[in-house]
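Below, each value reflects all heavy atoms present in this structure, side chains not excepted, and no hydrogens, waters or symmetry copies. Order of the sequence lines sets the chain letters (A, B, ...), proteins ahead of strands, with each chain counted from 1.
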Amino acid sequence: MKQKNLFWIILICVIVMLITCLYQIHEAEYALVTQFGRPIIKKLTFDPGLHYKLPWPFQVVQRFDKRIQIYQTPLIEYLTGDKKNIVLQAFVCWKIVDPLEFFRAIRSIDSATQKLDDIICSSIGASLGDYKMSNLVSTNAEEITVSKMEEIICTRATNKIKQSYGISIVKIGISRIALPEDNAKSVYRRMIAERSSIANEYRALGKEEADKIKSQADREKSDLLAEAYKQAQIIKGEGEAESARIYASAYEEAPEFFKLLRILEAYKKILDSKTTLVLSSDSELLHYLNGKELK
Amino acid sequence: MTKQEKVSIIAILINLFLTVNKFILASYTNSIALLAEAYHSFADILSSFLVFAALVRDRRTNSSLESGSERQKSGTQNSKSRIFTPGGWENKVALSIGVFLFIVAIGIIGKVRATITPNILHPLTAAIFIGFMALCSYILYRFELQVGTSTKSPALTADAHHAKTDMLASIFIICVFIAEKYGIRIDRPAGLLIGIYILINAGYVLTQGIRAYISAKKGKIYTGGMVYEEVIINYLSHVFHGVNEILWKYLWNLCGSKNTLNVFKQNVVKGIPRILIILIILIYLSSGFFILRSGEHAIVERFGEPMQMDDPLTAGLHYHYPWPIERVKKLNVDNIRRLSIGYIPKYAGDLILWTNAHYVQEFPILTGENSFLDIAMHIHYRIKNLYQFLYTSTDPDKILEQFGYLILTRDFGSGITFSILTDSRDDLEELMKRSLQDLMNTHQLGIEIIEIAFRDIHPPTDVASSFEDVVSAQEDYETFIEEAHGYKKDLIPRARGSSFRNIKVAESYTALLVEQSKGQAESFSMIHKAFAETKEISRYRMILESLEESLSGITKYVLLPQKKGASTDMYFYLESEGWKEQNQPEPSSSFPTTSSPKDMSTIRSEEDMLDIIEQMQKLREKE
């Protein structure tokens with residue numbers, strides 16, 4: 001009975017050990033077999049599928065992700081070639097290419113990102129010295145050389161990590177370009193000034209246009225009135241001429257009588273109530289006053 | 001301490017453990033049924049305790065009587081009734097348990113009736129825990145039953161049945177929880193059921209206690225009937241037994257077995273482990289079936305190696321070798337995913353104005369003119385190639401997001417602020433979509449960009465008001481011009497009217513003048529005609545009439561005829577009163593005197609005369 005139990009226990013142990021001999025490698029990972037912590041170069045496998053090794057605890061599998069990893073640097077202030085402060089944020093896509101080297105030098109993704117962060121930030125700082133602000137941000141599209149700069153940063157960083165890290169950089173990209181707080185504030189002020197000058201221009205243009213229209217209207221009004229005045233005068237003149245002609249044609253028939261009538265008429269008008277008349281007693285009117293005969 | 005007592009102590013401890021666990025689980029899952037069950041278990045502890053007390057008392061009374069096998073019999077016979085020994089503390093405890101259970105039952109029924117009950121949380125996990133507890137109860141039941149029958153202690157046997165009901169209740173609650181998992185909400189009815197059960201329990205304990213008390217008062221020894229739970233269990237097992245037999249017979253007939261029913265039964269029971277093993281293997285094998293819904297693609301990995309690379313499995317029923325040989329990775333490929341870039345959204349449905357901060361955080365983007373714009377961009381995308389999507393990068397969404405920022409920074413870095421805001425939006429969207437797709441392709445991320453949409457682009461909120469001011473300035477521009485047009489429209493018709501009036505006035509004047517002159521000419525002719533007939537007389541009359549008319553009512557001075565060599569003197573009548581008063585009063589009005597306002601009585605020249613006339617006129621005006 002006891003022997004039977006022992007047999008079963010041994011059998012289970014053997015099965016468990018046999019199971020630990022087999023290991024799967026996923027499509028997205030590398031596997032490295034270590035024997036008592038020492039990597040076995042022969043057992044470095046890249047092919048996915050089922051593989052075998054010595055059972056635990058003799059050999060252990062280390063797995064590394066084969067896929068592209070992404071890391072985002074924090075926002076860091078740099079100085080451009082033309083002495084302008086600029087805040088950049090970059091990201092880096094990288095992957096493990098040499099699992100053996102990676103295992104020796106870095107071991108974990110976290111420490112890899114830390115080391116990458118150092119390298120990338122220094123590469124950006126070094127590369128940025130060769131570029132002006134207008135190479136990053138400009139209305140002239142030809143002047144911008146961000147893509148080229150990214151490539152240069154990439155090669156610079158690649159050169160640094162090439163041999164000793166076991167990783168390769170797939171892509172470095174600048175994800176954000178910003179300005180330091182104080183500079184940003186002055187940019188805001190400039191933007192406000194720009195806008196208000198444009199607004200003022202619109203208002204002034206409006207006033208100009210309005211004045212033009214109003215003065216044109218005034219001009220048209222005076223033209224109209226002048227024309228009307230002219231016509232009125234002509235009409236009046238014609239009327240007066242007509243009436244003069246009528247009078248003349250009537251008076252021409254009896255000029256003597258007209259003169260008489262007109263003088264008498266004139267007297268009436270001239271000698272109004274305010275007139276003070278001084279008469280000579282010799283006058284014909286007062287002829288009888290002197291006791292003379294009426295002529 | 002006897003074996004029975006030890007068992008009953010173990011029972012108390014196990015019940016205590018179960019009760020505490022049930023209370024904790026009930027508060028975690030919000031289940032009423034479980035809470036009721038916890039109270040039920042609590043009552044069980046007390047009854048276990050009473051059983052223990054009864055056993056202890058039995059032993060003491062029996063040890064004072066006799067020994068041997070008789071002891072067991074008489075002791076056990078009394079043990080049940082002794083629980084309800086009148087006046088004893090057990091009776092009082094039993095009565096108080098009854099009251100307590102009664103209150104609890106009422107409380108649970110009240111809870112069931114409450115309108116709002118929270119959903120049950122983690123039903124499956126709880127079900128597994130309760131399953132473990134049911135197992136504990138079952139073990140306890142078997143243990144107590146075994147000890148109870150071997151020592152022939154009905155108290156223990158009764159307690160075993162208690163444990164059995166506990167187990168049944170636990171299984172019942174497991175059913176409730178599993179039903180809950182599948183959306184069938186029977187927690188409340190189950191709670192009600194257990195509540196009613198506790199109520200009956202309480203009623204039974206109370207009536208038993210009261211009856212025992214009354215009979216004790218009358219001096220009788222009360223021997224209770226069956227424990228109420230035994231009644232239910234007996235009934236249930238009876239029913240179960242009947243159903244069981246019927247089923248066996250049916251199965252026997254179905255198989256047409258030549259053996260007798262009992263042999264058949266034995267054969268079947270022997271075969272059960274084999275059937276179970278086959279079942280387990282079948283279940284294991286069938287775990288490889290998987291269904292892909294429309295739009296879902298899947299890749300099967302055999303020992304980590306993908307079996308399909310460029311043609312993943314599409315919708316339908318598929319099979320893979322069960323774990324650990326093969327595994328499936330499936331994703332919905334047709335589903336359009338959405339990614340926000342440039343901001344961290346606050347919540348949907350917010351009013352988006354330039355001047356209010358409408359997101360948790362916005363990242364200003366620097367444009368070509370060195371000014372900032374806040375941009376909210378959305379990328380719509382879907383998986384084009386599942387293999388690439390799964391195996392080229394650890395986090396395709398994060399990479400896409402970063403590439404989105406890259407494109408945004410680069411393309412806006414060469415843009416002109418105002419044109420980005422207005423006319424070149426569509427072009428930018430198209431351009432960015434293309435360049436982002438290029439990046440996706442070069443890095444083989446297996447992502448297809450469907451659309452890039454700017455949800456809103458606006459200047460930073462600090463300066464937005466000045467941007468809006470430009471728009472209102474544009475409005476002002478229009479306003480000024482419209483006002484001027486209004487002025488013009490008012491002015492010109494008025495001018496036209498007034499010039500028309502002027503012309504008409506001139507015309508009417510002319511007409512009047514002409515007609516007037518015509519009339520006068522006519523009248524002249526007529527008068528002349530009359531005049532010509534009596535020329536001299538008429539002439540004289542007319543002169544005189546006109547003189548009369550014109551000279552009457554005016555001041556007149558008459559000059560005497562001038563003598564040669566003498567100075568010109570003037571004589572006149574002083575008509576005016578004021579004149580008289582001002583000068584010395586003259587005796588005669590008709591008497592010709594020389595007068596002088598300034599000590600001049602005689603007018604020597606025409607100038608003097610004019611002076612006087614002037615003065616007199618002034619005087620008259622004063623009057």
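- Minimum interatomic distance between A:Arg195 and B:Val470 (heavy atoms only, all atoms of both residues): O-CG2, 3.2 Å.
- Results of the side chain to side chain donor-acceptor pair (under 3.5 Å) test with A:Glu29 over A:Lys66, A:Arg63, A:Arg67 single out A:Arg63 as the only residue that passes.
- Interface residue B:Gln474: backbone and side-chain heavy atoms are both found under 4.5 Å from chain A.
- No more than 12 heavy atoms of other residues, nucleotides or ligands lie within 6.0 Å of OH in A:Tyr202, so this atom counts as exposed by the packing criterion.
- Around NZ of B:Lys488, the count of heavy atoms belonging to other residues, nucleotides or ligands within 6.0 Å exceeds 12.
- For B:Glu301, the part sitting under 4.5 Å from any heavy atom of chain A is the side chain, from C-beta outward, and nothing else.
- Among B:Arg494, B:Arg302, B:Glu507, the residue making the largest number of heavy-atom pairs under 4.5 Å with chain A is B:Glu507.
- Ring pair A:Phe91/A:Tyr71: centre-to-centre distance not below 6.0 Å.
- The minimum heavy-atom distance between A:Ile96 and A:Asp65, with the atom names listed, is CD1-O, 3.4 Å.
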How far apart are the C-alpha atoms of B:Val463 and A:Arg189, what are their side-chain angles, what is the distance that settles it, and do they pass the side-chain contact (heavy atoms from CB on, under 4.5 Å) test? CA-CA 8 Å; B:Val463 299; A:Arg189 277 199 295 278; over 6 Å; no

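- Residues A:Phe257 and A:Tyr251 keep their aromatic ring centres 6.0 Å or farther apart.
- Chain B forms more heavy-atom pairs under 4.5 Å with one residue of A:Val146, A:Asn183, A:Ile144 than with any other, namely A:Ile144.
- Of the listed residues B:Thr479, B:Leu445, B:Leu408, B:Thr409, the one with more heavy-atom pairs under 4.5 angstrom with chain A than any other is B:Thr409.
- Residue B:Lys329 qualifies as enclosed at atom NZ: its count of foreign heavy atoms under 6.0 Å is above 12.
- For the options A:Gln231, A:Glu209, A:Lys268, A:Gln233, heavy-atom pairs under 4.5 Å to chain B are most numerous at A:Lys268.
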Only pairs under 3.5 Å count here: list side-chain donor-acceptor contacts from residues 521-528 of chain B, not counting sequence neighbours, and write none if there are none.
| unit_1 | atom_1 | unit_2 | atom_2 | d |
| --- | --- | --- | --- | --- |
| B:Ser523 | OG | B:Gln520 | O | 3.1 |
| B:Ser525 | OG | B:Ala521 | O | 2.9 |

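- In this structure, B:Lys398 places its NZ atom where more than 12 heavy-atom neighbours from other residues, nucleotides or ligands lie under 6.0 Å away.
- The candidate with the highest count of non-hydrogen atom pairs below 4.5 Å against chain B, out of A:Ala199, A:Ala28, A:Ser175, A:Ala232, is A:Ser175.
- The part of B:Tyr509 that comes within reach of chain A is its side chain, from C-beta onward, which places non-hydrogen atoms under 4.5 angstrom from that chain.
- At a 4.5 Å heavy-atom cutoff, the contact between A:Ala184 and chain B is made by backbone and side-chain atoms alike.
- Here B:Ala506 is the residue among B:Pro396, B:Ala506, B:Ser472 with the most heavy-atom pairs under 4.5 Å with chain A.
- Interface remark: of the candidates A:Val170, A:Asp47, A:Ile25, A:Ile25 forms the most heavy-atom pairs closer than 4.5 Å to chain B.
- A:Phe258 touches chain B through backbone and side chain together, each having a heavy atom under 4.5 Å away.
- In terms of heavy-atom pairs under 4.5 Å with chain A, the best-connected choice from B:Glu483, B:His443, B:Lys489 is B:His443.
- Both the backbone and the side chain of B:Asp469 come within contact range of chain A, judged by heavy atoms closer than 4.5 Å.
- For chain B, the option among A:Leu225, A:Asp223, A:Asp211 with the highest count of heavy-atom pairs below 4.5 Å is A:Leu225.
- The minimum heavy-atom distance between A:Thr80 and A:Lys132, with the atom names listed, is CB-C, 4.4 Å.
- Counting heavy-atom pairs under 4.5 Å between each of B:Ile416, B:Asp490, B:Asn502, B:Leu491 and chain A puts B:Leu491 at the top.
- For a residue to count as touching a neighbouring chain, one of its non-hydrogen atoms must lie under 4.5 Å from one of that chain's; by this rule B:Arg501 does not touch chain A.
- Within the 4.5 angstrom heavy-atom criterion, only side-chain atoms of B:Met309, from C-beta onward, approach chain A.
- Between B:Phe303 and A:His51, the distance separating the two ring centers is not shorter than 6.0 angstrom.
- At a 4.5 Å heavy-atom cutoff, the contact between B:Thr367 and chain A is made by backbone atoms alone.
- Using a 4.5 Å cut-off between heavy atoms, A:Glu256 makes no contact with chain B at all.
- Per-residue counts of heavy-atom pairs under 4.5 Å with chain A were compared for B:Ser466, B:Ala495, B:Gly486; the largest is that of B:Ser466.
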Residue pair A:Ile213, B:Tyr487: steps toward the side-chain contact (heavy atoms from CB on, under 4.5 Å) verdict: CA-CA 9 Å; A:Ile213 291 165; B:Tyr487 173 75; over 6 Å; no

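- The residue among A:Ile198, A:Leu224, A:Ile234 with the most heavy atom pairs within less than 4.5 Å of chain B is A:Leu224.
- Neither the backbone nor the side chain of A:Ile263 comes within less than 4.5 Å of any heavy atom of chain B.
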